[in-house]
Amino acid sequence: QVQLVESGGGLVQAGGSLRLSCAASGRTFSTSAMGWFRQAPGKEREFVAAITRNSYTNYADSVKGRFAISRDNAKNTVVLQMNSLKPEDTAVYYCAAARVPGFTSQYDYWGQGTQVTVSS
């Protein structure tokens, strides 16, 4: 089992940057693919970025070139670096863990979320 806690959200102006962190506890983090998702007011949850056990990455088109996902298996952390933020990036951001080491559409463990607000 895995427990996930996000941090680093806040209020920034358009064009600014934020660094989100996800701290994991449990025995499966180092062998699990990880992902970041977000949910904006009035919208469904959407995929943002994913990273495999061996640090292959994938990004949604809306954040490609602006966001970067990384992980430190020894420290049980995954990070989402967000640059050139836009008001449309405003959402609650969630960290998620899968039960497999590679890319997957199924995530079984979720954090509580952290609010990101980008002002115009």
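On a predicted model such as this, the values are computed, not experimentally measured, just so you know.
For Q112 (side chain) and E6 (main-chain N/O), a donor-acceptor pair under 3.5 Å exists by modelled atom type.
Interatomic distance, Y59 OH to R66 CZ, rounded to the nearest 0.5 Å: 12.0 Å. The CG atom of D89 sits 4.5 Å away from atom CZ of R38, with the distance rounded to the nearest 0.5 Å. Atom CD in E46 sits 5.0 Å away from atom OG in S62 (nearest 0.5 Å). Taken from OG in S32 to CZ in R71, the straight-line distance is 7.0 Å, to the nearest 0.5 Å. The distance from atom CG of L4 to atom OH of Y109, rounded to the nearest 0.5 Å, is 9.5 Å. Atom OG1 of T57 and atom CD1 of I51 lie 6.5 Å apart (nearest 0.5 Å).
Under the disulfide bond (SG atoms under 2.5 Å apart) criterion, no residue pair touches residues 33-70, with sequence neighbours excluded.
Within 6.0 Å of CD on Q3 lie no more than 12 heavy atoms contributed by other residues, nucleotides or ligands. Other residues, nucleotides and ligands contribute only 12 or fewer heavy atoms inside 6.0 Å of the OH atom of Y56.
Residues T114 and V92 form no side-chain contact, since every pair of their non-hydrogen atoms from C-beta on lies 4.5 Å or further apart. With contacts defined as side-chain heavy-atom distances shorter than 4.5 Å, the pair M34/R53 does not qualify. C95 places a side-chain heavy atom less than 4.5 Å from the side chain of V78. No side-chain heavy atom of T90 sits under 4.5 Å from any side-chain heavy atom of E88.
Residues satisfying the ring-ring contact (aromatic ring centres under 6.0 Å, His included) criterion with F47, sequence neighbours excluded, are F37.
At a threshold of 4.5 Å between side-chain heavy atoms, the hydrophobic network of Ile, Leu, Val, Met, Phe, Trp and Tyr places L85 and V79 in two separate groups. W110 and I69 sit in two unconnected hydrophobic clusters of ILVMFWY residues. Membership requires side-chain heavy atoms under 4.5 Å apart, directly or through other members.
Closest of all the heavy-atom pairs between G102 and A33 is O-CB, 3.2 Å. In this structure, V116 and M82 approach most closely via the heavy-atom pair CG2-CE, 3.8 Å. Contact record, L20 with G9: CD2-N, 3.6 Å, taken as the closest heavy-atom pair. Nearest heavy atoms, G8 versus L18: O-CD2, 3.8 Å. The two atoms that bring Y107 and A50 nearest to each other are OH-CB, 3.5 Å, heavy atoms only. Scanning all heavy atoms of the two residues, the minimum distance from W36 to L80 falls at NE1-CB, 3.5 Å.
Looking only at atom types and distance, the side chain of N83 has a donor-acceptor partner in the side chain of S17 under 3.5 Å away.
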